[in-house]
> 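Once you've had a glance at the structure underneath, I'll fire off some questions.
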Amino acid sequence: MKTHTSLILLAAVAALLTGCSTLGYKKAQDTSSSLRETAQSIDDSIPPLDAVLVALDNLVKTPNQNLIDQYQSYRSALANLGSSIGTINSRAQDMQLLGDAYFLNWEGELAKIQNYEIATDSRDRKTLVSKKFSALSEKYVSLNKSLTPFMSDLTDIRTALGTDLTEKGLKSVEGVLKKSTREGARIRDSLTNLSADFRNLGMEMESSSSVADTAR
């Protein structure tokens, strides 16, 4: 009878320990990797944005007799920028889903912790990290909203010049060209800052190999 009772107690303890041995750190690693991948995709968007700004600047300041070459350079740069922004959006969406899953899992694991001090410290840590993640997501959404009218204006310039690629046609879009150049410079700075923020949070959420090996 005592042996049977002891086996039941051991099984209960084993079940408790198994429940505490969560793989939540893997969700953190996935989120960390996604943050850094998103940062890289933002970095990758800078060269095509620069190419667009150079093309715009050339059209405004040094239009030559061969507007076709300048226009084609602009079209190509704009296409590359659009593709880069699409990649950023796709990776940011993945990052958001992974982050949501990670924090949801963390909340579930908190409910299993019996020690008040450990539970309190872990909840405080979760609150801090989740606030940083949410603030970063909001910063991305804000920047993405400014990208929409910016890309719309760039597309309109491409369409207008594609129909009327003449000196007067260029003159008709000159105001929007100059405005887009200014806005593009501001967006470039915002992208650079956002990339750094994504990468920093990704590094903060990254588990060291020694911690990961110990938790296995």
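These figures come from a predicted structure and were not determined experimentally.
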> Any sub-3.5 Å donor-acceptor pair from Ser90's side-chain atoms to Gly86's backbone N or O?
no
> Apply side chain to side chain contact (heavy atoms under 4.5 Å, CB included) to residues Arg123 and Lys126 and explain how you reach the verdict.
CA-CA 5 Å; Arg123 185 173 298 281; Lys126 172 185 172 292; 5.5 Å; no
> Could you state the interatomic distance from CG (Leu136) to CE (Met95), rounded to the nearest 0.5 Å?
6.0 Å
> Of the non-hydrogen atoms in Leu191 and Ile42, which two are nearest, and what is the gap between them?
O-CG2, 3.2 Å
> Please examine the side chains of Asp156 and Val176, heavy atoms only from C-beta on, and report whether any two atoms are closer than 4.5 Å.
no
> Transitively linked via ILVMFWY side-chain contacts under 4.5 Å: Leu49 with Leu194?
yes
> Do Tyr102 and Leu128 share a hydrophobic cluster, counting only Ile, Leu, Val, Met, Phe, Trp and Tyr and linking them when any side-chain heavy atoms are less than 4.5 Å apart?
no
> To the closest 0.5 Å, what do you measure between OG1 (Thr31) and CD (Gln96)?
10.0 Å
> Which atoms form the tightest heavy-atom contact between Lys27 and Asn105, and what is the distance?
CD-CB, 3.6 Å
> Distance-only, no hydrogens or angles: does the Ser76 side chain make a donor-acceptor pair with backbone N or O of Gln72 under 3.5 Å?
no
> Go through Leu56 and Leu154 one step at a time and tell me if the side chain to side chain contact (heavy atoms under 4.5 Å, CB included) criterion holds.
CA-CA 9 Å; Leu56 286 174; Leu154 295 180; 3.7 Å; yes
> According to salt bridge (charged side-chain N to carboxylate O under 4.0 Å, His left out), who are the partners of Asp153, at least two apart in sequence or on a separate chain?
Lys179
> Of all the heavy-atom pairs spanning Gln29 and Met205, show the shortest one and how long it is.
OE1-O, 4.1 Å
> Determine, for Glu138 against Lys145, whether the closest basic-nitrogen to carboxylate-oxygen distance falls under 4.0 angstrom.
no
> Does any N or O in the side chain of Asn144 come within less than 3.5 Å of the main-chain N or O of Tyr140, such that one atom is a donor and the other an acceptor?
no
> Going from OG on Ser83 to CG on Leu81, what distance comes out if it is rounded to the nearest 0.5 angstrom?
9.5 Å
> Do Val141 and Ile88 sit in the same hydrophobic cluster, where Ile, Leu, Val, Met, Phe, Trp and Tyr count as joined when their side-chain heavy atoms come under 4.5 Å apart?
yes
> Nearest heavy-atom pair of Ser84 and Asp44: which atoms, and what distance?
OG-O, 3.9 Å
> For residues Leu143 and Ser146, report the shortest heavy-atom separation together with the two atoms involved.
O-OG, 2.7 Å
> Indicate yes or no: at least one non-hydrogen side-chain atom of Val129 is less than 4.5 angstrom from one of Phe103.
yes
> Where do Ser180 and Phe150 come nearest, in terms of heavy atoms and distance?
O-CE1, 3.3 Å
> Measure from the side-chain N and O atoms of Ser34 to the backbone N and O of Asp30, and report whether any donor-acceptor pair falls under 3.5 Å.
no
> What residues, two or more places apart in sequence or in another chain, satisfy salt bridge (charged side-chain N to carboxylate O under 4.0 Å, His left out) together with Arg91?
none
> What distance separates Ile85 CD1 from Ser41 OG, expressed to the nearest 0.5 Å?
10.5 Å
> Would a 4.5 Å heavy-atom cut-off, applied to side chains only, mark Leu78 and Ile157 as touching?
no
> Less than 4.5 Å apart, side chain to side chain, heavy atoms only: is that true for Leu177 and Leu170?
yes
> May I ask whether Leu98 and Phe198 are part of the same hydrophobic cluster, defined by side-chain heavy atoms of I, L, V, M, F, W, Y residues being less than 4.5 angstrom apart, directly or through others?
no
> Roughly how far apart are Thr120 OG1 and Ile113 CD1, rounded to 0.5 Å?
9.5 Å
> Under 3.5 Å, is there a donor on one side chain and an acceptor on the other for Ser32 and Arg36?
yes
> Under 4.5 Å between side-chain heavy atoms, hopping through other hydrophobics if needed: is there a path connecting Phe133 to Met203?
no
> Quick one: does any side-chain atom of Tyr71 pair with a main-chain N or O of Leu59 as donor and acceptor, under 3.5 Å?
no
> For a 4.5 angstrom cut-off between non-hydrogen side-chain atoms, does Leu201 reach Glu204?
yes
> Look at Glu167 together with Lys171 and state whether they make a salt bridge at an N to O cut-off of under 4.0 Å.
no
> So, Asp43 and Ser195: side-chain donor and acceptor under 3.5 Å apart, yes or no?
yes
> Within the 3.5 Å criterion, strictly below it, is a donor on Gln93 or Asn89 matched to an acceptor on the partner's side chain?
no
> Quick check for you: to the nearest 0.5 Å, what is the distance between Gln40 atom CD and Ser45 atom OG?
10.0 Å
